[in-house]
Novice: 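I have a structure here, written as structure tokens, and I will follow up with some questions on it.
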Amino acid sequence: MDSSSIESNSIEWNTEDELDVDNISSSSSHQDQIADFAPSSSSCNCRGSNTIHQFLQMGFSKEMVIKAVKENGQNEGAVLDALLAYKTFEESPEDEHVLDDPCHAELASNVLDVYPDKEICENEEFKNLSTEKDRTVSLLVEMGYQAEEALAAIDRCSLDTPIAELVEFISAAQFAYHTDAQLGELSYDNKIHQHQKLNGPVYMSKKKRKFYDNEMRKLQKQRKYLEKQPMDHDNEIVHLPNPMVGFGVPNQPSPVLFQRRIPDEAEGRPYFYFENVALAPKGVWHTMSRFLYYIDPEFVDSKFFCAAARKRGYIHNLPIENRSQLLPTPPSTIHEALPHTKQYWPSWDKRMQLNCILTCIGSAKLTDRIKKAVEKSGDEPLPGVKKYVIQQCKKWNLIWVGKNKVAPLEPHEMEMLMGFPPNHTRGGGISRTEQYTVLGNAFQVDTVAYHLSVLKRMFPDGISVLSLFSGIGGAEVALHRLGIPLRNVVSVEISETCRKILQSWWDETNQQGKLIHFHDIRMVTAHELEKCMSTFGGFDLIIGGSPCNNLAGGNRSTRNGLEGSKSCLFFEYYRIIELVRSMMRHR
DNA sequence: TGTACGATGAATGTGCCA
DNA sequence: TGGCACATTCATCGTACA
């Protein structure tokens, strides 16, 4: 298999742990840190006067050992912690570079490869260490970590945790809060508050720390500014074009275009492409546009590309000249797309196209009610019956599959309408309900491909993609069908079902590039992104549509805009896009 | 426990007409 | 231009059942 799957986010951050990890960095001094992370008395192993002798044998100076014992008594663990901390204090700044590198996790794993535990364990000094905890700390210190980092990791993960996992824990702790990802569900204001409280990272090189701090400050400042912008209720409403043809669609008259304005800071690589429902609550698109460099959204109805409507807004910095359609072009009417239904279609149902494909379907009871109503009316139903039937058919996207018989679309019909290959979502342990859910949330491939087609001449040798909220891989399928080689795809998708579908498609289509999975966008850190970028040489395209659950008209209970628990992830999209772009500017 | 089913409106935009 | 009727909408939640 050509793909590699990095199971990221393997560290579970519960709230208390987050705060504790934060404390590593937020303590005002090394002494504070030592105090915070000193082992508990229950874990100590006091051994009387042998303690001093043993620490002297370990190579600590007499003065340091005496000082440590004075301060910590015969508590062996605490004495060792203090000694290690003193030693760290004494190290010159130049020595910090080993653990300061933001790519330290990678370095550490390399160290594990070339400097196996066995080799370290045979070291004479190592053998003299009395407890397992000491040995583990020593190993980690040998690898370049600070003692208090090692102790904190052991305390959090337990002593039985393999070295590699401890390394991962420390790396995550170092970098997670840097991008505020570890603050999880906290509100933005709380995140800011936490960041201000934290005082920035401790374990990074000054240069990198300064860079990330500056970027984070800029991001926070910009966001605060954007959030505090006075609400101009006349200007905040983004008007939807009618017809909804965006900057132009095939076989339709070109719209009268205003001057498309892309600010300098948003121009060029990495290109980005953001998608969401067009009919969001008032003000939402204005807000999203403000965050995404004030670029005007392009609203397009997919009914100009296939036989089903799908009104979506797209904010992107792609060129809009010389776009091309995917070939063969998909059927544009119901009868062309679903020819087997034509014989049953009553003349009084004038629908030529379907409505938006949603995540749920009409019930069997409803189709039964419709059948009975039509049968009762004879060949020519009464106007009232016709009206009721048409209304329900439009509402639930029902099609005629027999005499007087309507039914919801089958998953494979939805796949076809959405531009996915047959059986894309079928099998592999995925239920029908799940198929409907993931297809209802997907891109319409032909529409997206039309916009992305300009990338083909820009990246003829292939493209590196950061795919956020990947879903079932609409973007990947679109790029593949455009003939743009997928060199590297970093996919961020929280649904295991969707990840399985994308992986399965990737394998079946014999992709030559690498596919890397991340789960939760909130847990994607600057460090992880930098690791990917250093491997891939940056990203060419950042693409994705953030969750619309709290924006969509179908949501009757929690349609609360960008404040909603799901749709607020738009701000994570913004965070990632801003982070990647600023990192790439400084490469 | 997982899956399928069915009941649950409101927000927003559009078109027509006075 | 305002008012009205009408059309559309990447959904959520509780319940039944295997």
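The chains referred to below are lettered A, B, ... by the order of the sequence lines, with proteins before strands, and numbering in each begins at 1. Since this is a predicted model, take the numbers as computed values, not measurements.
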Novice: Which nucleotide sits closest to the side chain of Arg432(A): dT8(C), dT9(C), dA4(B)?
Specialist: dA4(B)
Novice: Would you indicate which nucleotide in dG15(B), dT12(C), dC10(C) comes nearest to any side-chain atom of Ser557(A)?
Specialist: dT12(C)
Novice: Just checking, any donor-acceptor pair under 3.5 angstrom between side chains of Tyr273(A) and His451(A)?
Specialist: yes
Novice: Nearest whole Å is fine: how far is dA7(C) P from Lys311(A) NZ?
Specialist: 13 Å
Novice: Given Ile361(A) and Leu409(A), is the side chain to side chain contact (heavy atoms under 4.5 Å, CB included) satisfied, shown in steps?
Specialist: CA-CA 8 Å; Ile361(A) 58 170; Leu409(A) 290 165; over 6 Å; no
Novice: So what does Cys548(A) hit on the nucleic acid, given a heavy-atom distance under 4.0 Å: a base, only sugar-phosphate, or nothing?
Specialist: base
Novice: Select base, sugar-phosphate, or nothing to describe what Ser567(A) touches, counting heavy atoms under 4.0 Å on all strands.
Specialist: nothing
Novice: In whole Å, what is the span from the CZ atom of Arg559(A) to the C1' atom of dT8(C)?
Specialist: 10 Å
Novice: Pick base, sugar-phosphate or nothing for Asn550(A), based on heavy-atom distances below 4.0 Å to the nucleic acid.
Specialist: nothing
Novice: Tell me: CD of Gln391(A) to P of dA7(C), nearest whole Å?
Specialist: 6 Å
Novice: I want to confirm an ordering. Mapping Lys387(A) and Gly553(A) to their closest nucleotides on DNA chain C, which one lands closer to the 5' end?
Specialist: Lys387(A)
Novice: Ignoring the backbone of Leu240(A), work out which of dT14(B), dT8(B), dC10(C) is nearest its side chain.
Specialist: dT14(B)
Novice: Which of parallel (below 30°), tilted (30 to 60°) and perpendicular (above 60°) describes Phe539(A) and Phe536(A)?
Specialist: perpendicular
Novice: Could you tell me how far dA7(C) sits from dG9(B) if I compare only their C1' atoms? Round to whole Å.
Specialist: 14 Å
Novice: Strictly below 4.0 Å, heavy-atom distances to any atom of DNA chain B: list the hits from residues 361-369 of chain A, or just say none.
Specialist: Ser363(A), Ala364(A), Lys365(A)
Novice: Between Trp396(A) (CH2) and dT8(C) (P), how many Å, whole number?
Specialist: 14 Å
Novice: Please report the distance separating the P of dC10(C) from the corresponding atom of dA7(B), rounded so that it comes out in whole Å.
Specialist: 22 Å
Novice: Rounded to the nearest Å, what distance is computed from the CD atom of residue Gln435(A) to the P atom of nucleotide dC5(B)?
Specialist: 13 Å
Novice: In whole Å, I'd like the distance from the CZ atom of Phe299(A) to the C1' atom of dG13(B).
Specialist: 12 Å
Novice: Take Phe274(A) and Tyr574(A) through the ring pair (Phe, Tyr, Trp, His ring centres under 6.0 Å) test and state the conclusion after the steps.
Specialist: CA-CA 10 Å; Phe274(A) 170 79; Tyr574(A) 162 71; over 10 Å; no
Novice: Rounding to a whole Å, what distance do you find between Lys395(A):NZ and dA10(B):P?
Specialist: 12 Å
Novice: Measure from the side chain of Arg556(A), starting at C-beta and using heavy atoms only, and say which of dG9(B), dC10(C), dT9(C) lies closest.
Specialist: dG9(B)
Novice: Look at all strands and tell whether Arg312(A) reaches a base, only sugar-phosphate, or nothing, counting heavy atoms closer than 4.0 Å.
Specialist: base
Novice: Starting the side chain at C-beta, find the nucleotide from dA4(B), dT12(C), dT12(B) nearest to Asn549(A).
Specialist: dT12(C)
Novice: Just checking Tyr573(A) against Phe291(A), ring centres under 6.0 Å apart?
Specialist: no
Novice: Are Glu380(A) and Lys386(A) ion-paired here, with the side-chain N under 4.0 Å from a carboxylate O?
Specialist: yes
Novice: Mind calculating the distance between CG (Asn560(A)) and C1' (dT12(B)) to the nearest angstrom?
Specialist: 16 Å
Novice: Starting from the 5' end of DNA chain B, give me the residue, Cys360(A) or Ser431(A), whose nearest nucleotide shows up first.
Specialist: Ser431(A)
Novice: Is it the case that Ser546(A) and Asn276(A) place a side-chain donor and acceptor less than 3.5 Å from each other?
Specialist: yes
Novice: For the aromatic rings, using the six-membered ring if either is Trp, is the centroid distance between Phe420(A) and Trp505(A) under 6.0 Å?
Specialist: no
Novice: Determine whether the aromatic ring centres of residues Tyr293(A) and Phe272(A) are separated by less than 6.0 angstrom.
Specialist: yes
Novice: Answer yes when Glu572(A) and Arg575(A) have at least one side-chain N-carboxylate O distance shorter than 4.0 Å, and no when they do not.
Specialist: yes
Novice: Start with the C-alpha distance between Val492(A) and Ile576(A), add both sets of side-chain angles, then the distance that settles side chain to side chain contact (heavy atoms under 4.5 Å, CB included), and finish with yes or no.
Specialist: CA-CA 11 Å; Val492(A) 184; Ile576(A) 297 290; over 6 Å; no
Novice: Indicate whether OP1 or OP2 belonging to dT9(C) is found under 4.0 Å from a side-chain N or O atom of Asn355(A).
Specialist: yes
Novice: Which dot-bracket string describes DNA chain B (Watson-Crick N1-N3 plus N6-O4 or O6-N4, or G-U N1-O2 and O6-N3, all under 3.5 Å; [ ] crossing; | other strand)?
Specialist: ||||||||.|||||||||
